[in-house]
Amino acid sequence: MYTMHKTPTTEMEVTSIRLERELKERLKELAGNQGYQALIRDILWNYVQQKSGGQSLSLSTGDIRASMQAIAQQESVCALTGTVIRPQEEMLLGLTLNGDMVPLSLDSLSS
């Protein structure tokens with residue numbers, strides 16, 4: 001998951017969001033010692049990175065649990081090497097240890 005550098009909470013803006021009680025409790029369980037608000041910030045930053053095309057290259061081959069062959073339907077960027085994967089090009093989909101599916105170029109796991 002994308003991790004932003006630690007911004008002091010005094011430099012953050014206060015916002016309010018309504019969450020179902022069960023969702024909040026499950027987030028607390030998943031967050032453990034990190035705290036659920038920090039977890040939510042990480043999730044939101046990860047979403048922003050994915051949607052803006054700013055895929056973080058902080059993954060290594062050890063972070064990939066499994067891979068499967070695929071054909072790119074749109075331009076993507078390999079999560080390991082940063083190589084551009086063009087539409088209709090053969091590629092791999094990698095399942096990370098966190099359960100995320102990430103695009104991989106064909107030669108990205110060969111090293």
Side-chain angles (χ1 to χ4, degrees):
M1 181 176 287
Y2 177 80
T3 304
M4 187 74 179
H5 67 279
K6 299 293 182 195
T7 303
T9 55
T10 56
E11 294 181 24
M12 295 181 187
E13 292 187 25
V14 175
T15 188
S16 175
I17 183 172
R18 296 194 180 274
L19 301 173
E20 292 86 351
R21 182 169 286 138
E22 180 183 353
L23 175 59
K24 184 177 173 183
E25 293 305 315
R26 294 196 57 196
L27 285 167
K28 285 181 178 181
E29 290 170 12
L30 291 171
N33 292 337
Q34 177 186 17
Y36 83 98
Q37 290 182 357
L39 175 63
I40 290 171
R41 282 191 297 272
D42 282 349
I43 291 167
L44 291 172
W45 274 116
N46 188 46
Y47 178 83
V48 167
Q49 286 296 108
Q50 287 179 344
K51 292 300 180 181
S52 66
Q55 180 80 17
S56 176
L57 295 177
S58 61
L59 291 178
S60 70
T61 54
D63 296 316
I64 305 299
R65 178 185 309 221
S67 64
M68 63 190 89
Q69 292 184 327
I71 302 292
Q73 298 302 305
Q74 59 186 4
E75 189 170 288
S76 300
V77 176
C78 175
L80 293 174
T81 66
T83 303
V84 173
I85 302 167
R86 306 215 183 285
Q88 301 309 308
E89 192 174 308
E90 289 185 40
M91 63 178 283
L92 299 172
L93 287 175
L95 176 64
T96 68
L97 297 174
N98 293 331
D100 299 320
M101 293 294 287
V102 295
L104 301 173
S105 59
L106 288 177
D107 61 348
S108 62
L109 294 174
S110 13
S111 49

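Position 1 is the first residue of the sequence; numbering continues from there.
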Query raised in the report: Is the closest side-chain heavy-atom distance between Leu92 and Met68 below 4.5 Å?
Result: no
In terms of heavy-atom contacts, Ser108 and Thr81 come closest through CB-CG2, 3.9 Å
Under a 3.5 Å distance rule, please check whether Arg65 uses its side chain to pair with a backbone N or O of Leu97 as donor and acceptor. yes
| message | Using side-chain heavy atoms (C-beta onward) and a distance below 4.5 Å, is Ile40 in contact with Ile17? | response | no
Glu29 side chain to Arg26 main-chain N or O, any donor-acceptor pair under 3.5 Å? no
Any side-chain heavy-atom pair of Lys28 and Glu25 under 4.5 Å:
yes
**Asked** Side-chain contact, heavy-atom cut-off 4.5 Å: Ser67 with Leu109?
**Response** yes
Between Thr96 and Asn98, is any side-chain donor less than 3.5 angstrom from a side-chain acceptor?
no
Between the CD atom in Gln88 and the CD atom in Glu75, the distance rounded to the nearest 0.5 Å is 13.0 Å
Scanning both residues in full, the closest heavy-atom pair of Asp42 with Gln34 reads OD2-NE2, 2.8 Å
Nearest heavy-atom contact between Glu90 and Ile71 is CG-CD1, 3.7 Å
Original post:
Cluster question for you: counting only ILVMFWY and a side-chain heavy-atom cut-off of under 4.5 Å, with indirect links fine, are Leu80 and Leu106 together?
Top reply: yes
- Query: Is there a side-chain contact between Val102 and Ile64 (heavy atoms, below 4.5 Å)?
  - Reply: yes
In this structure, CG of Asp63 is separated from CG of Asp100 (nearest 0.5 Å) by 10.5 Å
- Message: Less than 4.5 Å apart, side chain to side chain, heavy atoms only: is that true for Leu104 and Ile85?
- Response: no
Please say yes or no: joined through hydrophobic side-chain contacts below 4.5 Å, possibly via intermediate residues, are Leu44 and Tyr36 part of one cluster? yes
Check: Met91 and Leu93 side chains under 4.5 Å, non-hydrogen atoms:
yes
